[in-house]
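I am attaching a structure below and will ask some questions about it afterwards.
So that the names make sense, note that chain A is the first sequence line, chain B the second, and so on, each numbered from 1.
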2 protein chains.
Amino acid sequence: METQQQGRWIWYPGEFDCFLGLKLWEQRCERGTHITPEWKVESLYPNIWFRKTVTVSQDTVFYPVANGEMAVRVDHEPWYRENAGEGVTLTKGTHFVQVTVFHPAGLPCLYIGHPELATDETWEASWVKGTWTKAQCRDFSDPSAPPSGLSFHTETVSPVSSEKLNGGLLLDFGKELTASLVFHGVKEPMTLAAAFGESKEEALDYRHCEQFDRIPVKEGGKTPFIRAFRYVFLPDAAGKALSIQAQHQVLPLKNKGAFHCEDELVNKIYETAVYTLHLCSREFFLDGVKRDRWVWSGDATQSYLLNFYTFFDKDICQRTMRLLRGKDPVMTHLNTIQDYSCYWLISLYDYYLYTGDTGFLSQIYSDAQGLLRFCMETVDERGFMNSRPDDWVFVDWAPMDNRGNVAAIQLLFARSLEAMAKVAGATGHKEDEETYRAAFHKTLSSCFAVFWDDQKGLFTHGPAGKPDAVVTRYPNLFALLYGYLDGDKKQRVIQNVLLNDHVQPITTPYMRFYELMALCEAGDTPAVWQFIKDYWGGMLKEGATTFWEEYNPDQTGPEHYAMYGKPYGKSLCHAWAAGPAMLFTRYFLGVRPTAPGYARFDVIPCPPGQEISGIIPTGDGEIKVTCGPDFVTVQNDTDGEGTLYWRGKTHSIPPHRTLLAAPDGPSAKK
Amino acid sequence: METQQQGRWIWYPGEFDCFLGLKLWEQRCERGTHITPEWKVESLYPNIWFRKTVTVSQDTVFYPVANGEMAVRVDHEPWYRENAGEGVTLTKGTHFVQVTVFHPAGLPCLYIGHPELATDETWEASWVKGTWTKAQCRDFSDPSAPPSGLSFHTETVSPVSSEKLNGGLLLDFGKELTASLVFHGVKEPMTLAAAFGESKEEALDYRHCEQFDRIPVKEGGKTPFIRAFRYVFLPDAAGKALSIQAQHQVLPLKNKGAFHCEDELVNKIYETAVYTLHLCSREFFLDGVKRDRWVWSGDATQSYLLNFYTFFDKDICQRTMRLLRGKDPVMTHLNTIQDYSCYWLISLYDYYLYTGDTGFLSQIYSDAQGLLRFCMETVDERGFMNSRPDDWVFVDWAPMDNRGNVAAIQLLFARSLEAMAKVAGATGHKEDEETYRAAFHKTLSSCFAVFWDDQKGLFTHGPAGKPDAVVTRYPNLFALLYGYLDGDKKQRVIQNVLLNDHVQPITTPYMRFYELMALCEAGDTPAVWQFIKDYWGGMLKEGATTFWEEYNPDQTGPEHYAMYGKPYGKSLCHAWAAGPAMLFTRYFLGVRPTAPGYARFDVIPCPPGQEISGIIPTGDGEIKVTCGPDFVTVQNDTDGEGTLYWRGKTHSIPPHRTLLAAPDGPSAKK
């Protein structure tokens, strides 16, 4: 074998994500029973071609390693090896090398370590005629270990308390974990029942808790699965003198953002939100860690945004977007939900705006087109996307009638078309850009024609002007957030909907997120600041160590844990509740990109009557902002050009400069 | 567990075939090296829903068994089982039972043995929202053994000679086998090299034979693979006193047809053709058994026909058609070849004509439509199917220029449209039927307008009328066979092309098959009889025990074995050379269906100056024909209505009646 090994395992782009997806779907269970997703599960392409034209400086031998059966062709001739491990010879010069890897039940991938042929992104891959593209790789470079999963950071956590109760043993680990259990003090192998709880009540109520397992236990043994819990109740372990620890497992993500203020409750809310997001950020952005442990496009759309203000990890965004989109043919909307297809398209532009990454955009462009095509198949003459019989129109967990065309969906669809026009433009698809932009204008103007009630000054939920037309917050929020309202309409929507208590209130943190964003956009940051303290602070007061899928301050005790008709159905660590991980930095420090990849950005600080400070990561650097009632400092450690809006004036913030705006005027320093 | 077990393993229709396909592609190798197919390889759907509304006569418990992870819902509620093997309880009455099976790397399938819930075709299956259809099953009914493959018939064959030669050991098994090797007399485990040969020359030339393996050998051990061979050469086994046998493995297919005459050479040709077809009929119709061991649509189209005159096994036809069609999206033509997509569509109608099986037609209809849609995407204003950049236009192994539109392809495409119109009609898709029929007429009339040279009285290969227009046999054969020529044109084509030695001759048995069919249709059965004796008899004289991929009587010795630039590249057991398995019964006994499923059929005997007899299977019975120069007896053991054409007169043959036509007139008896 050659001594220098330089290659990395390569595969067809997206297939590693598909492989992780299969593992994810396989692992999902409730009370020891597997639960399958309700939408299309993609399988791996079993047969991948890899190719490269290589030049070797001397006669040489290389040793390809495959995960699967391998067929090698050199200059189009098959290379027959009669012994496993036999090398492939190349004469000095330039050769066309093609290696096909076939795996009927795993991830076909290839490794060549030879420095002059090393497998990496300079190789091409194809899964069927006409699909040649740049191969994909990560940092897997051990030829004896084909890629099997992501690396996680683990930490051993001991219970903060251990209590004999109800004839069993109750462990409290002090905060929500995503962990395996490790057993010590096991005298002889046994099977232990374990009830996991996000709350103490859930763990103790082992007949109704969401996660209950019978675990084969031996000395030093570890559960082969992770569960999300703070509490564990072991009904049969009271007399067994076991030492049980949790092996907490998280993706090694670092919060590159920061937020700090003088109010410790707010600081705690921010930290808890980031921790909540972190636990839900695994192979993909999960909705929650106890359940569903599924990847939902609507939930993910918020995780992408939160991520850009915290971990700024592009990779998890790409993995999530690929898994959600799946492969052709598109058979249903994403997660079977109309709005969720729209969110995917909208998020693709968000991804671009925050990262400026046209490489990924180009890779996924035809998939995005395919999804949009599926959406457009049901478009009517007004430009509205109509439902197929099996479509789910979700919008939010709230009582409303979503039959027929509803405004929220059509506004999301308009935004999807606008986003795809921009994506098409960014990837050089000028003709598509024009097509999508024209479709966008048509759909948007129909939205105003059909759903805008000019007398009431708001969007109605269904067609406007009918005597029984219902008003919901959703279309009004989206129209405001997407910038579809001119000054007058915007003010009317704020007054007539956002600040109108008679309009059905939002009860999920999911839509609350958009509502708070809209209120911030409307300039009502003081109300938002107080609301966050009350609402998220309320969960902390209830003992939350991560934020919840739903929170109703009017409920008490175990009422908080019930959802979906189950006493502990609610997820107490849910990504869509992590909004404060972004709200403070985006709306109070006020930093948001205005050109892709933060080439240009705005800083619109709204200090809440006290000094606040923090960091906004941008991919190629960070923006630090500190501001108080009468000053703001912006340290721009990026190549981008900032604009500070402060006290009615605008100030330019050049790349790698610090700007101080205070009563005695702004000053910029290198 | 319940005592009575009545269920069978069920899966989503076609998935077992896909599973067999993956095994097929995985096993294909040359000289110990895996060779992957050059077209899209389908993977299995990992997640299948099964459902049924069941009524149980008393409170009961059932025990579902899954190949994969399982999720059970009873009346839409999840059933949590805390212990493996725990049963599911049902109260007396009617329940909706849904079981989801997830397998990321195998065939998801389900077994329930309970008599009142037994899994079988009364269950429904789905792989994604909106795809509910009847579940599929075969005779797998052992809950402890999920379906792993087809059952094969095995037979132990000893060598007819064993000879020390060239320092090694040469075994001759007397005829072509598809077999493993079994080793006895092995004193201690060793690795043996084995060179397999369809010819003696190939086995001995172990550096160039197509199949060469290094086999770990122990006492009583068997190779884990089968190879196609008559000879085996073991270069290192001369001094080892081993006893080596072949374990011949074939699908348990019975020839339900028969043909016999007074000419032993012809009888031998018929038997050898049936044997050749049998060896090539495995999980699917393979082209050949030494190589490629692949499933090619053009080859299969002939195997379906041969099968209907011999094994009459619908199952292998369905498996082959499903594998060839694959799953959506259609990315290339079948096997990447334009003509091969056409053959698939044409064969679907053939399948229907011979079997009358509308059930399979309905199951596969949308797939057929999808393939035709792919073909029609490139149709121009004349109705011609045009090439995509990567398309392969094959037609035949012969020198010809297939760039641009060629007549053979457009006639095949016309026939595809005609076939699909009939399939649409048979499955109740009246609108599609009209669309396809209109498209057929358009394409066919363009074929005449563009390729028919009325002066020369034939189809040219490319557009007619050009000074350099080339004539090939192919379009003329197809037009004649498909009945597209009126009386005058038909006679001109026969004279100007079929019987014209100046037109480039056909050298493959593949296209020869159509040529002989066309000659028979043209009434020239005496020439065909003699040709078969000369051509296929020629291979027998060369020692053939199965028929060859190509045969040129002008070649001698090892020249016969070379092809594709390799000394033993030619397959000596190739399905497309098995034409005589059908030609005698179809054209000399003269039996062919004229309405689906032999509801009506013609008998047009053409005795070759001697008495011939045989059997034609029809699915629901058989038709026995004996005829000599001056008599014919037809025994119609079917429900169909026959018509005998004899000496210029027609005679009706009612169901289950025997008709004798002789010089003293016809008589029918019960």
Discussion item. Are A/Leu22 and B/Pro46 packed together at the side-chain level, in the sense that at least one heavy-atom pair is separated by less than 4.5 angstrom?
Written reply: yes

Discussion item. Rounded at 0.5 Å granularity, tell me how far OH in A/Tyr80 sits from NE2 in B/His34.
Written reply: 13.0 Å

Discussion item. If we define contacts as heavy-atom pairs under 4.5 Å, which of B/Thr191, B/Val128, B/Asp213, B/Val101 has the most with chain A?
Written reply: B/Val128

Discussion item. Using only atom types and a distance under 3.5 Å, with no angle test, would you say the side chain of B/Thr100 pairs donor to acceptor with the backbone of A/Thr36?
Written reply: no

Worksheet item: For A/Pro37, is it the side chain, the backbone, both or neither that has a heavy atom under 4.5 Å from a heavy atom of chain B?
Response: both

Worksheet item: Rounded to the nearest 0.5 Å, what separation is found between the CD atom of A/Glu38 and the CG atom of B/Asn47?
Response: 10.0 Å

Worksheet item: Could you name the residues of residues 328-339 of chain A that have a heavy atom within less than 4.5 Å of a heavy atom in chain B?
Response: A/Asp328, A/Pro329, A/Met331, A/Thr332, A/Thr336

Fill in: Note, A/Trp39 side chain near B/Lys129 side chain (heavy atom, < 4.5 Å)
no

Practice prompt. Sort A/Thr131 into side chain, backbone, both or neither according to what part of it lies under 4.5 angstrom from a heavy atom of chain B.
Written response: side chain

Fill in: Region of B/Trp25 in contact with chain A, defined by heavy-atom distances below 4.5 Å
both

Item to complete: Give the member of B/Arg73, B/Met70, B/Lys327 that has the highest number of heavy-atom pairs under 4.5 Å with chain A.
Response: B/Met70

Discussion item. Could you check whether any side-chain heavy atom of B/Tyr45 comes within less than 4.5 Å of a side-chain heavy atom of A/Lys40, counting everything from C-beta outward?
Written reply: no

Worksheet item: Are side-chain heavy atoms of B/Glu26 and A/Phe102 found at a separation under 4.5 Å?
Response: yes

Worksheet item: When rounded to the nearest 0.5 angstrom, what is the spacing between OG in B/Ser43 and NE2 in A/His103?
Response: 13.0 Å

Worksheet item: Can you tell me how far CD of B/Glu69 sits from CD of A/Gln27, rounded to the nearest 0.5 angstrom?
Response: 10.0 Å

